[in-house]
2 protein chains.
Amino acid sequence: MLPQSKRLLKMWIRLLRVTRASESHLREFLRVNHDTTLPRFDVMAALYRRREGVTMSDLSRMLLVSNGNATAVVDRLEKDGLVRRTQSTTDRRTIFVALTEAGLQQFEVLAAEHEREIITLFGGLSDTDLDTLTDILKRMGKGERA
Amino acid sequence: MLPQSKRLLKMWIRLLRVTRASESHLREFLRVNHDTTLPRFDVMAALYRRREGVTMSDLSRMLLVSNGNATAVVDRLEKDGLVRRTQSTTDRRTIFVALTEAGLQQFEVLAAEHEREIITLFGGLSDTDLDTLTDILKRMGKGERA
DNA sequence: CCCTTATATTTCAAGTTTAAAATTTCAGGC
DNA sequence: GCCTGAAATTTTAAACTTGAAATATAAGGG
């Protein structure tokens, strides 16, 4: 039996490969079928989830990306009219971002098809698999905060 | 109980978050302690694994990145003297990449500390967890090829 | 030998990503 | 009111990443 560290390493590499391959599949799907990208989709999904609007800081925290990154993607979405920025009235540093009507409509189409792609990718998992995996992932999330 | 597609979606988002947070942790570790980056580490790890040398195509396939991407990272590593390119004698299109002596030495230090970081991140998992997770990840890998 | 097709790599433009610096605003202590 | 430090956002430079186009070479059929 390999030492634990080597087994962890192998698992991590496998995890990375599955994630990267899946991301690659979704990227390709978004590009070919909807002429958009994964970062754009991620931002729109976050804004859809919090329909009332999100600050830039919250957005980058939700997506685990840097502030500057969020700024860049939101800039492009705003240029395309899919997203709107609004200044806070109580704190002039804060800016709220939200989907426009056009953004909302586009995202609802995107989300439905994205969900189908997820089934293509992971539909082979049983209910038990899902429960087990979710449980393990939850515990893996703790390690970063140690 | 949520429909399967929603449960898959939740799992996928959780998987993505764990992976991104862990990558972020490792990136920070490599930057602060070793003044290097994750893509550079990944390339060096692939070359360490196949000490005899790898073609550019093999390299991008191993890392699941585009050809152009592999070229760019190898360019930078080559400029720093950590990696060497050699033309194939039998096929003039093919180029082999390998670690230099300096690259090999640097990587062995990097790898040992990287392994410790992996323990920090995931050491909380039991042997059973690891077996279960590996098994599920193997099956998840199948979906992409459907 | 020529032509076509396929393979290996690089180049290129555009977009993504990060970390750090700069800007603006806020909040609290004095 | 003023100062200081913190917070929210943008800007910047450099690296990374992609997909497509360009280049060079190989392989096989006629």
Side-chain angles (χ1 to χ4, degrees), chain A residues 16 19-21 23-44 46 53-80 82-83 85-97, chain B residues 16 19-21 23-44 46 53-80 82-83 85-97:
Chain A
L16 265 186
T19 307
R20 284 187 189 172
E23 280 189 311
S24 181
H25 178 104
L26 292 173
R27 200 189 327 276
E28 161 101 356
F29 163 75
L30 288 172
R31 179 175 57 79
V32 171
N33 298 41
H34 298 284
D35 193 32
T36 188
T37 66
L38 205 45
R40 289 168 72 103
F41 179 84
D42 288 344
V43 166
M44 294 179 82
V54 183
T55 69
M56 290 300 290
S57 300
D58 278 349
L59 185 58
S60 55
R61 270 189 292 269
M62 288 169 78
L63 301 178
L64 303 183
V65 300
S66 70
N67 283 346
N69 186 352
T71 296
V73 178
V74 166
D75 280 351
R76 280 185 285 272
L77 287 172
E78 193 177 32
K79 193 147 56 70
D80 293 345
L82 300 170
V83 141
R85 275 191 244 237
T86 321
Q87 275 229 340
S88 162
T89 53
T90 58
D91 184 338
R92 279 189 296 182
R93 291 170 304 179
T94 303
I95 291 197
F96 294 107
V97 198
Chain B
L16 222 38
T19 307
R20 284 188 189 171
E23 280 188 309
S24 182
H25 178 106
L26 292 173
R27 200 190 325 280
E28 161 101 357
F29 162 75
L30 288 172
R31 179 175 57 79
V32 171
N33 298 43
H34 298 284
D35 192 34
T36 188
T37 67
L38 204 45
R40 288 167 73 102
F41 180 84
D42 287 345
V43 165
M44 293 180 83
V54 183
T55 70
M56 290 301 290
S57 299
D58 277 349
L59 184 58
S60 56
R61 269 189 293 270
M62 288 169 79
L63 302 178
L64 302 182
V65 301
S66 69
N67 283 346
N69 187 354
T71 296
V73 179
V74 167
D75 280 351
R76 279 184 286 271
L77 288 173
E78 193 177 30
K79 191 148 57 68
D80 294 345
L82 299 170
V83 139
R85 277 190 243 237
T86 322
Q87 276 229 339
S88 162
T89 53
T90 59
D91 183 338
R92 280 190 297 181
R93 293 169 303 179
T94 303
I95 291 198
F96 294 106
V97 197

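All values below were derived from every heavy atom in this structure, side-chain atoms included, with hydrogens, water molecules and symmetry-related copies excluded. Everything numeric in this text was worked out from a predicted model, so none of it was measured. Naming: A, B, ... by sequence-line order, numbering from 1 per chain.
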**Report entry** Residue mapping more 5' on DNA chain C - nearest nucleotide basis, A:Ala70 or B:Asp75
**Finding:** B:Asp75
Query - Nearest-Å distance for atom pair CG/P, residues A:Asn67 and C:dA21 - result: 15 Å
Query raised in the report: Can a side chain N or O of A:Asn69 be found less than 4.0 Å away from OP1 or OP2 on C:dT16?
Result: no
**Report entry** A:Thr37 vs C:dT16: side-chain N/O to OP1/OP2 distance below 4.0 Å
**Finding:** yes
**Report entry** Donor-acceptor contact below 3.5 Å, side chain B:Asp91 vs main chain B:Arg93
**Finding:** yes
Query raised in the report: Roughly, in whole Å, what's the span from CZ in A:Arg20 to C1' in D:dC16?
Result: 12 Å
Requested in this report: Please report, rounded to the nearest Å, how far the C1' atom of D:dT18 is from the NE2 atom of A:His25.
Outcome: 17 Å
**Report entry** B:Pro39 versus B:Val73, closest heavy-atom pair with distance
**Finding:** O-CG1, 4.0 Å
Give me, pair by pair, the N or O atoms of the protein and of nucleotides 24-26 of chain C that are less than 3.5 Å apart, along with how far apart they are.
residue, atom, partner, partner atom, Å
C:dT25, O2, A:Arg93, NH1, 3.3
C:dC26, OP1, A:Arg92, N, 2.9

Query raised in the report: For A:Arg31 and C:dA14, is the shortest distance between a side-chain N/O and OP1 or OP2 below 4.0 Å?
Result: no
Query raised in the report: What's the CG-C1' distance between A:Asp35 and C:dG15, to the nearest Å?
Result: 13 Å
Query raised in the report: Please give, in whole Å, the distance from C:dA19 C1' to B:Phe29 CZ?
Result: 18 Å
Query raised in the report: Side chains of A:Arg40 and A:Leu30: does their closest heavy-atom pair fall under 4.5 Å?
Result: no
Query raised in the report: Heavy atoms, side chains only, cut-off 4.5 Å: are A:Phe96 and A:Thr55 in contact?
Result: yes
Query raised in the report: Shortest non-hydrogen contact from B:Ala70 to B:Val65?
Result: N-CG2, 4.3 Å
Query raised in the report: Mind checking whether A:Met56 and A:Asn67 have side chains closer than 4.5 Å, heavy atoms only?
Result: no
Query raised in the report: Ion pair present between B:Glu28 and B:Arg31, side-chain N to carboxylate O less than 4.0 angstrom?
Result: yes
Query raised in the report: In residues 53-60 of chain B, which residues come under 4.0 Å of DNA chain C by heavy atom?
Result: B:Thr55, B:Met56, B:Ser57
Report summary line: Taking every heavy atom of B:Ser60 against every heavy atom of B:Ser66, the minimum-distance pair comes out as CB-O, 3.7 Å
Report task. Not counting sequence neighbours, which residues clear side chain to side chain donor-acceptor pair (under 3.5 Å) with B:Glu78? List them please. Result -> B:Arg85
Requested in this report: Mind checking B:Thr94 for me? I need base, sugar-phosphate or nothing, with any heavy atom below 4.0 Å counting as a touch.
Outcome: sugar-phosphate
Report task. Scan A:Ser66 against the nucleic acid and name what it touches under 4.0 Å (heavy atoms): base, sugar-phosphate only, or nothing. Result -> base
Query - Between C1' of C:dT11 and CD1 of B:Ile95, the distance in whole Å - result: 14 Å
**Report entry** Short side-chain N/O contact to C:dT16 OP1/OP2 from A:Arg76, under 4.0 Å
**Finding:** yes
Query raised in the report: Taking only N and O in the side chain of A:Arg85, is any of them less than 4.0 Å away from OP1 or OP2 of D:dT10?
Result: yes
**Report entry** Intermediate values then yes/no, side chain to side chain contact (heavy atoms under 4.5 Å, CB included), B:Thr19 and A:Arg20
**Finding:** CA-CA 10 Å; B:Thr19 307; A:Arg20 284 187 189 172; over 6 Å; no
Report summary line: note: A:Asn33, atom CG; D:dG19, atom C1'; distance rounded to Å ~ 16 Å
Query raised in the report: Roughly, in whole Å, what's the span from CZ in A:Arg40 to P in C:dG15?
Result: 9 Å
